[in-house]
Amino acid sequence: MGNRNINAGTNHHIYLIGFMGSGKSTIAGYLHREYGMEQVEMDEQIVMEEGRSIGDIFAREGEEYFRTLETELLKRLQEKENVVVSCGGGTAMRECNVEEMKRKGKIVLLSASPETVYERVRVSHDRPLLEGNMNVEYIKELMDARRPKYEAAADIIVSTDGRSAEEICREIMEQVG
Ligand code: S3P
């Protein structure tokens with residue numbers, strides 16, 4: 001592990017929010033490896049705890065059930081320290097989730113253009129909201145609808161288009177570290 005700046009002077013969490021394919025998991029992995037933060041992938045954690053895929057949870061229980069799992073997980077994460085939390089793309093849509101995140105850390109919105117997102121997610125099949133809607137137009141429409149809530153939740157906004165993980169993480173740590 002490159003421990004260039006362990007803990008970076010923080011004892012609060014960093015919550016990465018943003019649209020599907022905005023780079024949350026990549027950036028969380030980098031902050032884990034290079035800055036020694038514990039990493040929690042909300043989607044992965046929920047899949048592990050439920051023992052089934054997100055597609056399955058959406059199909060059998062509905063989206064609201066999944067959203068409640070996200071809220072409960074965020075509450076449990078309050079007990080930890082210095083975690084980088086890679087949120088699901090919809091986590092910041094619930095006001096109570098944003099309040100939970102603000103109590104414990106800083107919220108970083110990763111932004112990306114619809115074209116970039118499309119390139120990053122087009123071959124994957126683990127996002128129920130994009131199944132059957134895998135095109136730039138739909139991504140743009142959903143992104144535009146969500147943008148006000150993303151931006152209202154964010155302490156800082158970091159663009160990811162055409163930038164390296166290193167560059168993005170440096171900017172994040174300068175601003176919140
Ligand atoms: C969702 C994004 C997904 C996952 C679920 C719903 C969303 O996470 O939580 O499919 O509502 O935007 P990623 O942003 O990690 O793909």
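Whatever order the structure lists ligands and atoms in, that order sets their numbers, starting from 1.
- Shortest contact from atom 12 (O) of ligand 1 to any protein heavy atom: Arg146 NH1, 2.7 Å.
- Looking at Glu70 and Arg67, a side-chain N of the basic residue comes within less than 4.0 Å of a carboxylate O on the acidic one, giving a salt bridge.
- Met143 and Ala112 get closest at one heavy-atom pair: CE-O, 3.4 Å.
- At a 3.5 angstrom cut-off on N or O pairs, Asp43 counts as close to ligand 1.
- From the protein, the heavy atom lying nearest to atom 16 (O) of ligand 1 is Arg127 NE, 2.6 Å.
- Residue Phe66 approaches ligand 1 through these ligand atoms, each under 4.0 Å from one of its heavy atoms: 9 (O).
- Note: an N/O pair closer than 3.5 Å links Gly89 and ligand 1 by distance alone.
- Checked against salt bridge (Lys or Arg N to Asp or Glu O under 4.0 Å), Asp56 has the following partners two or more places apart in sequence or in another chain: Arg60.
- Scanning the protein heavy atoms around atom 10 (O) of ligand 1, the nearest turns out to be Pro128 CD, 3.5 Å.
- Ring geometry, Tyr30 versus Tyr35: the interplanar angle falls from 30° to 60°, so the pair is classed tilted.
- Neither the backbone nor the side chain of Val121 comes within contact range of ligand 1; no heavy atom lies under 4.0 Å.
- The protein heavy atom nearest to atom 14 (O) of ligand 1 is Lys24 NZ, 2.8 Å.
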Leu130 and Arg122: side chain to side chain contact (heavy atoms under 4.5 Å, CB included), yes or no, with the steps?
-> CA-CA 9 Å; Leu130 295 181; Arg122 66 193 173 91; over 6 Å; no
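- A side-chain donor-acceptor contact under 3.5 Å links Thr68 and Arg94.
- Every atom of ligand 1 is numbered from 1 in the order shown, and the set under 4.0 Å from a heavy atom of Leu129 is 7 (C), 11 (O).
- The closest side-chain donor-acceptor pair between Asp161 and Thr116 falls under 3.5 angstrom.
- In terms of N/O distances under 3.5 Å, ligand 1 is not approached by Asp126.
- Within the set Glu63, Arg67, Met20, the minimum heavy-atom distance to atom 11 (O) of ligand 1 is found for Arg67.
- No salt bridge links Arg76 with Glu72; every basic N to acidic carboxylate O contact stays at or beyond 4.0 Å.
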